[in-house]
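Below is one structure, written out as structure tokens; comments come after it.
Computed from a predicted model, the values in this text were never measured in an experiment. Below, read A as the first sequence line, B as the second, and so on, with proteins coming before strands; counting in each chain starts at 1.
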2 protein chains.
Amino acid sequence: MHFSKTSEYAIRVLSYLHRHPTQPYSVAFLHEELNLPYKYLTKLMTQLHKKGLLNSIRGRDGGFTLALDADKIFLCDILEAIGEALESNRCILGFEKCDSSNPCALHNQWLKPKALLEDMLKNTSLASLHSTESIKF
Amino acid sequence: MHFSKTSEYAIRVLSYLHRHPTQPYSVAFLHEELNLPYKYLTKLMTQLHKKGLLNSIRGRDGGFTLALDADKIFLCDILEAIGEALESNRCILGFEKCDSSNPCALHNQWLKPKALLEDMLKNTSLASLHSTESIKF
DNA sequence: ATTTAATACTACCTTATGGTAGTATTAAAT
DNA sequence: ATTTAATACTACCATAAGGTAGTATTAAAT
Ligand code: SF4
Ligand code: SF4
């Protein structure tokens, strides 16, 4: 039970961009500031741009800015952009098919935590992430 | 956000063993019955035996049985046995250190889902998993 | 004693994720 | 026009998880 490194990186870097939404930041700068691997971050940023979450400005003095309002980007959007969308219907035990009219007991145990998780991912926006003005990133 | 294959396998196979706690089942049989990869399952069973969750009976007509009462084995015990214990204190964003007196907003969002997850893993026993008598395994 | 059916062990292969290297392309500044 | 600092692209490398192959060891049954 964990988030992937890539999703951690994406959340951290997007959250950082939100601090100064207008000014473009270069990957080199973000790499220094957030201590994330430079080349890997380049790939990730390009991917987020292709998915429409980032504006990219090429050439000298270029960089990336948020493409959308920070309160319109939710954690689930970020996960989807990097190909880690939550498969809500997937069986927690890896079964292909399941008669959901007769669920196993683990399924019932899983319902509540799963609902809260989905709630968190669907309703936590980038903007809300920074509401506390903590200086971690 | 997902369980590993290995943890799925472990939960499924242990749950199956609980159905007839006294009789030893061979890996070959479990492999057929649960449709899990034979050799990989062998490794997993040996590991679970070393961790004290299973009795192993070698030689002809051997196999594995539960080493403990099914209502004394909890999901978290299984995860720990396969080296996937939940690191409760790990930062969800991968930071090494964090001043928890000033948590970031994601942390607060994470508290409730995390608590429910831990509750599920700590309080769901093998025995309770099978209380509904569903025939999935 | 031999056969047989099981676990245990060692080593290797495959796939996905995470990460690196080098180069091409773009555009501002001079 | 040239330099410079940025993204974009292609290809490869490293690590961990998942999976396979072959053989040694064990113990019941005959
Ligand atoms: S009821 Fe059990 S077997 Fe069916 S999808 Fe849910 S966890 Fe899987
Ligand atoms: S408060 Fe934020 S930075 Fe600190 S441990 Fe929690 S998620 Fe990580």
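In the hydrophobic clustering of ILVMFWY residues, with side-chain heavy atoms under 4.5 Å counting as a link, A/Leu17 and A/Phe74 come out apart. Residues A/Leu68 and A/Ile82 are members of one and the same hydrophobic cluster, defined by side-chain heavy-atom contacts under 4.5 angstrom among Ile, Leu, Val, Met, Phe, Trp and Tyr.
Rounded to an integer number of Å, the gap from A/Gln23 CD to D/dA6 P is 12 Å. When rounded to the nearest whole Å, the span between NZ of B/Lys5 and P of C/dA16 equals 11 Å. Going from atom CZ of B/Arg12 over to atom P of D/dG18 covers 14 Å, rounded to whole Å. Rounded to a whole Å, the CG atom of A/Asp61 is 8 Å from the C1' atom of C/dA29. With rounding to whole Å, B/Leu54 atom CG is found 10 Å from C/dA8 atom P. The CZ-P distance, from B/Arg60 to C/dA5, rounds to 6 Å in whole Å. Rounded to an integer number of Å, the gap from B/His31 NE2 to C/dA6 C1' is 15 Å. In this structure, A/Ile57 atom CD1 and D/dA8 atom C1' are separated by 15 Å, rounded to whole Å.
Taking the side chain as every heavy atom from C-beta outward, B/Leu106 and A/Leu75 approach each other to under 4.5 Å. When side chains are defined from C-beta on, B/Thr65 does not count as touching B/Thr22, because their heavy atoms never get closer than 4.5 Å.
Checked against C/dA28, D/dA29, D/dT7, the side chain of A/Val27 finds its nearest nucleotide in D/dT7. With distances taken from any side-chain atom of A/Phe64 to the nucleotides D/dT7, D/dA27, D/dT4, the minimum falls on D/dT7.
Minimum interatomic distance between B/Ser4 and B/Ser7 (heavy atoms only, all atoms of both residues): O-OG, 2.7 Å. Of all the heavy atoms in B/Ala70 and B/His18, the pair that sits closest is CB-ND1, 3.1 Å.
Phosphate contact (OP1/OP2 of D/dG18, side-chain N/O of B/Thr6, threshold under 4.0 Å): present. Side-chain nitrogen and oxygen atoms of B/Ser26 include none within less than 4.0 Å of the OP1 or OP2 phosphate oxygen of C/dA5.
As judged by a 4.0 angstrom heavy-atom cut-off over every strand, B/Tyr9 is placed among residues touching the sugar-phosphate backbone only.
Applying the side-chain hydrogen bond (donor to acceptor under 3.5 Å, both in side chains) test to residues at least two apart or on different chains, the pairs with a partner in residues 38-53 of chain B are B/Thr6-B/Tyr40.
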Give each protein N/O atom lying under 3.5 Å from an N/O atom of nucleotides 20-24 of chain D, with the pair distance.
residue	atom	partner	partner atom	Å
D/dG22	N7	B/Lys39	NZ	2.9
D/dG22	O6	B/Lys39	NZ	2.7

Only distances under 3.5 Å count here; give the side-chain donor-acceptor pairs of residues 114-121 of chain B to other protein atoms, sequence neighbours excluded, each with its distance to 0.1 Å.
residue	atom	partner	partner atom	Å
B/Lys114	NZ	B/Ser88	O	2.6
B/Glu118	OE2	B/Ser88	OG	3.0
B/Asp119	OD1	B/Asn123	ND2	2.6

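Judged purely by atom type and a 3.5 angstrom limit, A/His31 has no side-chain atom pairing as donor or acceptor with the backbone of A/Pro37.
Taking the ring-ring contact (aromatic ring centres under 6.0 Å, His included) definition, one finds that B/Tyr25 meets it with B/Tyr16, B/Phe29, sequence neighbours left out.
The side-chain contact (heavy atoms from CB on, under 4.5 Å) test with A/Leu129 is passed by exactly one of A/Thr124, A/Leu14, A/Ile73: A/Thr124.
Helical stems in DNA chain C, defined as runs of 3 or more consecutive Watson-Crick or G-U wobble pairs with both donor-acceptor distances under 3.5 Å, are listed by first residue as C:1-30 with D:1-30.
Residues from residues 44-52 of chain A placing a heavy atom under 4.0 Å of any atom in DNA chain C do not occur.
Using a 4.0 Å cut-off between charged nitrogen and carboxylate oxygen, A/Arg90 and B/Glu8 count as a salt-bridge pair.
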